[in-house]
Amino acid sequence: MKFFIDSADISEIREAAALGVLDGVTTNPSLVSKTGKPFRQVLDEILEVVDGPISAEVTAVDFDGMIKEAAELAAIHDNIVVKIPIIHEGLKAIKHCAQNGIRTNCTLCFNPLQALMAAKAGASYISPFVGRLDDISHDGMELIQQVRTIYDNYGYDTEVLVASIRHPQHVVQAALMGADVATMPFSVVKKLLQHPLTDIGLEKFLADWKKLQESVSSK
Ligand code: G3P
């Protein structure tokens, strides 16, 4: 399973990359906007830190605008994956990109039919937003299960990228369901290893060790 960080903040991305298990990065216009930096600068900084797929989203909503932005983004670096929303014009743009060797991450997916259409158009990744579905009392992870089943039924190789992750349990469920990628905010990355019994256990081991050192050194 691949782990991506869902962030455009270079310090967060650096810290996550230092863990040694980061496979890629996803950004979106809101995340880039938070940095206050020009888009190109944000992408260049990320490209220097992470050698893996980096999703960069188009902001045009018409086919011509989308494919123009997609070509420009893809030309920056081989690791750039163009993020395109699952709207009519977006679907056409995904198909065009697939035919022209540009990898795409189909975003803003909220139902299984959108995911099926994206796969048929040749999207490299599908991004179902699980947290935003949970937020409106739908079961976000149920969508992941549905998409996984549909893709397996027909052998689509579009990768299931679980997005809008809110907590580690989303990551556990994604792994159990066989999702290909989990993209998570840095707050969730930091929680993946946390367990109170680990902390208590380590504290006890170190205290016992210290006791031994004190007793042998006093002999
Ligand atoms: O990048 C897409 C997605 O992960 C957004 O997540 O937390 O804004 O719903 P969120």
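Read the numbers this way: they start at 1 and go in the same order the structure lists the ligands and their atoms. These numbers come from the heavy atoms of this one structure, side chains and all, not from hydrogens, waters or symmetry mates. Starting from 1, each residue takes its place in the sequence as its number.
- In this structure, a donor-acceptor pair under 3.5 Å is absent between the side chains of Gln169 and Gln173.
- Between the side chains of Ser55 and Thr26, no donor-acceptor pair is found at a separation under 3.5 Å.
- Distances from ligand 1 to the non-hydrogen atoms of Met184 include no value under 4.0 Å.
- For atom 6 (O) of ligand 1, the nearest non-hydrogen atom of the protein is Ser164 CA, 3.3 Å.
- Using a 4.0 Å cut-off to heavy atoms of Arg166, the atoms of ligand 1 that qualify are 7 (O), 9 (O), 10 (P).
- Between Lys68 and Asp64, no side-chain nitrogen of the basic residue sits less than 4.0 Å from a carboxylate oxygen of the acidic one, so the salt-bridge criterion is not met.
- Considering backbone and side-chain N/O atoms, Arg132 comes within less than 3.5 Å of an N/O atom of ligand 1.
- Considering backbone and side-chain N/O atoms, Asn28 comes within less than 3.5 Å of an N/O atom of ligand 1.
- Residue Lys83 approaches ligand 1 through these ligand atoms, each under 4.0 Å from one of its heavy atoms: 1 (O), 2 (C).
- Under a 4.0 Å N-O distance rule, the pair Lys211/Glu214 does not qualify as a salt bridge.
- Expressed to the nearest 0.5 Å, how far OG1 of Thr104 lies from CG of Leu73 amounts to 12.5 Å.
- The nearest heavy-atom contact from the protein to atom 2 (C) of ligand 1 is Phe129 CZ, 3.3 Å.
- Asp6 counts as a contact of ligand 1, since one of its heavy atoms falls under 4.0 Å from the ligand.
- Neither side chain, His77 nor Asp44, offers a donor N or O lying under 3.5 Å from an acceptor on the other.
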